[in-house]
Amino acid sequence: MGVSRTDLFTKEQNGLAQMAKVLAHPARIAILQHLIKTNACINGDLVQELGLAQATISQHLRELKDIGIVQGTIEGVSMSYCIAPEKWNEFKRLFNELFDQLETVDKKNCC
């Protein structure tokens, strides 16, 4: 497969695609839902909640942290994670802007 031509797209398009890519895994969605529900958690709680291995949870958390939607703090030997509110609101705004571009779906003009 060839190299992705991200240079053909705007910074906003590339950013939104990166956000979508990070969200495109059910384990990451489950992690975000758990963080929203609990408003914070310790990494070990996610292992019990999701039934995934610690290494798998850590890998998914790293992806979420790398894009900035999750933040964490070290408490002894445990990591505590939560949703990063500013980045969450940015995700929400950008996806809403995309979805709002099509105000109504006209079935008459659709393939």
Side-chain angles (χ1 to χ4, degrees):
M1 180 170 270
V3 176
S4 180
R5 294 290 313 265
T6 57
D7 61 309
L8 298 175
F9 306 102
T10 68
K11 181 181 176 183
E12 291 78 19
Q13 290 167 331
N14 282 305
L16 191 59
Q18 277 300 110
M19 290 175 188
K21 183 178 177 181
V22 168
L23 296 178
H25 195 289
R28 293 182 199 135
I29 297 297
I31 289 169
L32 290 171
Q33 288 173 327
H34 184 71
L35 292 176
I36 291 166
K37 180 176 72 174
T38 60
N39 201 23
C41 77
I42 296 173
N43 200 351
D45 294 346
L46 288 168
V47 172
Q48 288 183 305
E49 180 72 21
L50 302 179
L52 297 172
Q54 175 69 46
T56 303
I57 296 287
S58 294
Q59 180 183 8
H60 289 300
L61 283 166
R62 184 172 40 256
E63 293 288 330
L64 293 167
K65 281 184 71 177
D66 285 349
I67 202 154
I69 198 165
V70 167
Q71 57 193 22
T73 57
I74 299 172
E75 298 173 5
V77 295
S78 299
M79 287 289 294
S80 185
Y81 294 93
C82 64
I83 300 291
E86 288 182 20
K87 194 65 163 183
W88 182 266
N89 288 330
E90 180 185 350
F91 269 52
K92 184 177 173 182
R93 180 184 60 77
L94 290 171
F95 279 104
N96 282 338
E97 284 176 7
L98 173 66
F99 295 135
D100 290 345
Q101 288 177 20
L102 181 63
E103 293 184 21
T104 60
V105 177
D106 185 356
K107 291 182 182 181
K108 295 177 191 172
N109 291 330
C110 187
C111 309

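Because the structure is predicted, anything quoted here is derived from the model rather than measured.
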| Under 3.5 Å, is there a donor-acceptor pair between the side chain of R28 and the main chain of V22? | yes
| query | When hydrophobic residues are tied together by side-chain contacts of less than 4.5 Å, even through go-betweens, does M19 share a cluster with F99? | reply | yes
| Interatomic distance, Q48 atom CD to I42 atom CD1 [nearest 0.5 angstrom] | 10.5 Å
| request: State which residues pass side-chain contact (heavy atoms from CB on, under 4.5 Å) with Q13; sequence neighbours excluded, sorted by chain then number. | output: F9, T10
| What is the minimum heavy-atom distance between L16 and L94, and which atoms define it? | CD1-CB, 3.9 Å
| request: Begin from the C-alpha positions of L46 and L52 and carry the test side-chain contact (heavy atoms from CB on, under 4.5 Å) through to its verdict. | output: CA-CA 8 Å; L46 288 168; L52 297 172; over 6 Å; no
| message | When you compare the side chain of L35 with that of I31, does any pair of heavy atoms fall below 4.5 Å? | response | yes
Could you pull out every donor-acceptor pair under 3.5 Å between side chains of residues 77-88 and any protein atom, sequence neighbours left out?
| residue | atom | partner | partner atom | Å |
| --- | --- | --- | --- | --- |
| S80 | OG | C41 | O | 3.2 |
| K87 | NZ | E90 | OE1 | 3.4 |

| said: For the CG atom on D100, are there more than 12 heavy atoms of other groups (residues, nucleotides or ligands in this structure) within a distance under 6.0 Å? | reply: yes
| Within 6.0 Å of CG in L8, more than 12 heavy atoms from elsewhere | yes
| query | Nearest 0.5 Å, what's the CD-CG distance between Q18 and L23? | reply | 11.0 Å
| In Å, rounded to the nearest 0.5 Å, how long is the span from CD1 of I67 to CZ of R62? | 14.5 Å
| When you look at L50 and I57, which way does the side-chain contact (heavy atoms from CB on, under 4.5 Å) test go after all the steps? | CA-CA 9 Å; L50 302 179; I57 296 287; 3.6 Å; yes
| query | Quick one: ring-ring contact (aromatic ring centres under 6.0 Å, His included) partners of H25, sequence neighbours excluded? | reply | H60
